[in-house]
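So that the names make sense, note that chain A is the first sequence line, chain B the second, and so on, each numbered from 1.
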Protein chains: 2
Amino acid sequence: MTAATTQQVFRAIADPARRSILDRLAREGATAALELGAGFHGSQPALSKHLRVLREAGLVRTRRDGRRVLYTLRPGPLADVERWISLYRQFWEGRLDALARHLDETP
Amino acid sequence: MTAATTQQVFRAIADPARRSILDRLAREGATAALELGAGFHGSQPALSKHLRVLREAGLVRTRRDGRRVLYTLRPGPLADVERWISLYRQFWEGRLDALARHLDETP
DNA sequence: TTTGTATATCACCAGATGGTTATGTATGCA
DNA sequence: TGCATACATAACCATCTGGTGATATACAAA
């Protein structure tokens, strides 16, 4: 299996249903697929597709447990997003540094 | 104009062309629309559409300067993304806390 | 075995997305 | 006034996305 791209990660977290799944995994740890669907208004295949997107982005890992499949959070790839966005943090924090100086050259 | 939603922000940054535009604005400050298209392989209307998405997500502001329109970075809404992702930072940083304890209940 | 449960995949569909060319609008300049 | 420049929008199109019901696969239990 080829490594997930940064683009796949950005795309994966662009969907609210998938962010919700990640949030659930963070709060509750290893969770069966169907259980992750609780609160998700959609069919089982729809859920399964979201899980596949998360898998292919490298954001979750699976392990079989009897006839269930347990999903676990795998947050590593989120570091790519964090790295990108951290460049901007200084802006909204109101600090003026080398980057901010270039901004808002309004007369 | 209605306030931009968090969802609009996540969607806006999901496209590499738009992230690239934001990066350019961060580095170079107020920039004319066409100039932002340098390095972007696509038509002028395509660029204009991306800029509209960024505008509607509240990530850029515009100001007219003669016959050009200058775009300025408006990073505030990115704080929503940062807030969400910061929940996960502790995970990939390897710290074990209340959240991490729930994870990886692998035997 | 047969049956039930848990999940993934298939085949398909409607709507969103990103691209295009053509055109409209605002501004500056001859 | 007329024309060029800078940008936005309109109209259209192909592809992607997320949804669906039907079906396949894996495992457990009867």
What contact category does Ala17(A) fall into here, base, sugar-phosphate, or nothing, at under 4.0 angstrom with non-hydrogen atoms? nothing
For Ala46(B), answer base if it contacts any base atom (sugar-phosphate contacts may also be present), sugar-phosphate if it contacts only those atoms, and nothing otherwise; contact means non-hydrogen atoms under 4.0 Å. base
Could you state whether Leu22(B) and Phe40(B) fall into the same hydrophobic cluster, counting links through intermediate Ile, Leu, Val, Met, Phe, Trp or Tyr residues with side-chain heavy atoms under 4.5 angstrom apart? yes
Verify the cluster assignment for Val60(A) and Leu36(A): are they in a single hydrophobic cluster under the rule of side-chain heavy atoms below 4.5 Å apart? yes
Spacing between [X] atom [atom1] and [N] atom [atom2], to the nearest angstrom:
{"X": "Asp65(A)", "N": "dA26(D)", "atom1": "CG", "atom2": "C1'", "result": "13 Å"}
{"X": "Leu51(B)", "N": "dA8(D)", "atom1": "CG", "atom2": "P", "result": "6 Å"}
{"X": "Arg68(A)", "N": "dT5(C)", "atom1": "CZ", "atom2": "C1'", "result": "11 Å"}
{"X": "Phe40(B)", "N": "dC7(D)", "atom1": "CZ", "atom2": "C1'", "result": "15 Å"}
{"X": "Gln7(A)", "N": "dG18(C)", "atom1": "CD", "atom2": "C1'", "result": "13 Å"}
{"X": "Leu47(B)", "N": "dT17(C)", "atom1": "CG", "atom2": "C1'", "result": "16 Å"}
{"X": "Leu54(A)", "N": "dA8(C)", "atom1": "CG", "atom2": "P", "result": "12 Å"}
{"X": "Glu56(A)", "N": "dG18(D)", "atom1": "CD", "atom2": "P", "result": "12 Å"}

Side chain of [X] (C-beta onward), nearest among [options]:
{"X": "Leu34(A)", "options": "dG19(D), dT9(D), dT7(C)", "result": "dT7(C)"}
{"X": "Pro45(B)", "options": "dA8(C), dG18(C), dA10(D)", "result": "dA10(D)"}
{"X": "Arg55(A)", "options": "dA8(C), dT9(D), dA8(D)", "result": "dA8(C)"}
{"X": "Arg18(A)", "options": "dC7(D), dG4(C), dG18(D)", "result": "dG18(D)"}
{"X": "Arg67(A)", "options": "dA8(D), dC27(D), dA8(C)", "result": "dC27(D)"}

Can you see if the side chain of [X] gets near the phosphate of [N] - specifically, an N or O under 4.0 Å from OP1 or OP2?
{"X": "Arg64(A)", "N": "dA6(C)", "value": "no"}
{"X": "Tyr71(B)", "N": "dA6(D)", "value": "no"}
{"X": "Arg11(B)", "N": "dG18(C)", "value": "yes"}
{"X": "Arg52(B)", "N": "dT9(D)", "value": "yes"}
{"X": "Ser43(A)", "N": "dG19(D)", "value": "no"}

Looking at Arg11(B) and Glu56(B), does any basic side-chain N land under 4.0 Å from a carboxylate oxygen? no
What pair of heavy atoms forms the shortest contact from Leu59(A) to Pro77(A), and how long is it? CD2-CB, 4.0 Å
Closest-nucleotide mapping onto DNA chain D: is Lys49(B) or His50(A) further toward the 5' terminus? I mean the 5' end. Lys49(B)
Map Thr62(A) and Val53(B) onto DNA chain C by nearest heavy atom, then report which one ends up closer to the 5' terminus. Thr62(A)
Interatomic spacing from CH2 in Trp84(A) to CD1 in Ile85(B) - rounded to 0.5 Å: 10.5 Å
For the residue pair Arg61(B) and Tyr71(B), would you count it as a cation-pi contact if the rule is NZ or CZ under 6.0 angstrom from the ring centre and within 45 degrees of the ring axis? no
Is there a donor N/O on one and an acceptor N/O on the other, under 3.5 Å, for the side chain of Gln44(A) and the base of dA8(C)? yes
